[in-house]
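Written out below as structure tokens is the structure these notes cover.
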Amino acid sequence: MTIKKLLLFFAIASISLSCKQDPKPATSAAPKVNKPRVKIPSSNKDSVFTFVQKQLDFGYRIPGTSEHEACKNWLVEKFKSYGATVQEQPFKASFFDKVDQQAYNIIASYNPDHKQRILLAAHWDSRMIAEKDEDPSRQKEPIYGADDGGSGVAALLEIARQINNNPIDLGVDIILFDAEDNGGEKDTFSWCLGSQYWGKNMHRSGYQAEFGILLDMVGAKNAQFPKEGYSQKYAKKYQDKVWNLAQLMGNKDLFINQTFGGINDDHYHVNRLTNIPMMDIINYDLSRSAFDTYHHTHDDNIEVIDKNVLRKVTQVVLATIYKVSDGSF
């Protein structure tokens, strides 16, 4: 090989090696859009307490009764007055000796065309027997369900009121499930009839939500909310973030970092039927491994409600959805 050819070979090799080793230009990533932090509205303890009392004023909210129908009409109109798009989802419910009673899921939606959606829910019916009451003569009488049903609905009404006054950049669907609380002890699927019906017949074709929060028994005196088992199984990522947020907000005495066994509640059927990860905020006594002593008794009346507990839980859910809306959750 001549010197001229040799020099040419090294020159080509050098260029080739240089091309292989030179770093490729960095691909410019799409700029991240940071939303401004939103101001989280403050729930009002008197307002949310009044929403509980108003439900009780209608009487027992048992599907198929005139009291139930009257309360349904009030709930629908209340959500409409707070700017929601409201749908009624009628279905038939059978429980105990009642067959094909008229029941309704109530769906109140905000920003129905927004792609990012959060589901909030509670049950609005009350139980027709008080099988745990200390007085055997009253165990077949219906209960008012101030906390068991009434408190969760009240919290969602207050959230609706706040969204109406403080528009949110998020799709929020509030569902009041009916016929939840009249199941039998030995039949798992006799409970939560409204959520089972909705899970098989969602109000909107192809409906999906990022996650959901169920509120059940969220306003009683001395309440505590440990992490329910099915919530951890299906929605751990979101439940842990909600509990962390609640504790940062000063609610370590309410939102407890302990897990207890799964509860057959509306969120279970939403998880099972729709794959929407949904958690349950529910009062549970870890020391007794049972619901509180008022559960399914005549003590579940307005006297059991603590305005401050109910407001704090409502505020945690408000903070959650507004933080989701600005991307800081």
Checklist line | Connected via hydrophobic side-chain network under 4.5 Å: Val48 and Ile163 | finding: yes
Notebook entry, point to check: Does a side chain donor of either Asp57 or Gln53 reach within less than 3.5 Å of an acceptor in the other side chain?
Noted result: yes
Item checked: Short N-O contact, Lys307 and Asp46, less than 4.0 angstrom -> yes
Checklist line | Aromatic centroids of Phe211 and Phe329 separated by under 6.0 Å | finding: yes
Checklist line | Between Gln232 and Asp240: side-chain donor-acceptor atoms closer than 3.5 Å | finding: yes
Margin query: Less than 3.5 Å apart, any donor N or O on the side chain of Ser109 or Asp173 sitting next to an acceptor on the other?
Written below: yes
Check: Just by distance, do the side chain of Asp178 and the backbone of Pro63 share a donor-acceptor pair under 3.5 Å?
Finding: no
Notebook entry, point to check: Taking atom types as modelled, is there a side-chain donor on Glu158 or Thr314 under 3.5 Å from an acceptor on the other?
Noted result: no
Next item on the list: Specify whether Tyr104 and His68 have parallel, tilted or perpendicular ring planes, treating 30° as the upper limit for parallel and 60° as the lower limit for perpendicular.
Entry: parallel
Check: When the ring centroid of Tyr284 is compared with that of Phe291, is the distance short of 6.0 Å?
Finding: yes
Notebook entry, point to check: Have Asp280 and Tyr230 got a donor and an acceptor in their side chains that come within less than 3.5 Å?
Noted result: no
Check: Do Asp133 and His296 have side-chain N/O donor and acceptor atoms under 3.5 Å apart?
Finding: no
Checklist line | Greater than 12 external heavy atoms within 6.0 Å of Lys92's NZ | finding: yes
Check: Knowing that exactly one of Glu67, Glu88, Glu77 qualifies, which makes a side chain to side chain donor-acceptor pair (under 3.5 Å) with Lys72?
Finding: Glu88
Item checked: Check against side-chain hydrogen bond (donor to acceptor under 3.5 Å, both in side chains), Gln247 and Asn251 -> CA-CA 5 Å; Gln247 292 178 358; Asn251 298 308; over 6 Å; no
Item checked: N/O donor-acceptor pair under 3.5 Å between Arg61 side chain and Tyr144 backbone -> yes
Note to self: Tell me whether Asp292 contacts the main-chain N or O of Asn283 through its side chain, where contact means a donor paired with an acceptor under 3.5 Å.
What the structure shows: no
Next item on the list: Could you tell me whether the side chain of Phe177 reaches within less than 4.5 Å of the side chain of Val270, counting heavy atoms only?
Entry: yes
Notebook entry, point to check: Will you find, in the side chains of His267 and Asp265, an N or O donor that is under 3.5 Å from an N or O acceptor?
Noted result: no
Next item on the list: Indicate yes or no: does Arg138 engage Glu134 in a salt bridge with an N to O separation below 4.0 Å.
Entry: no
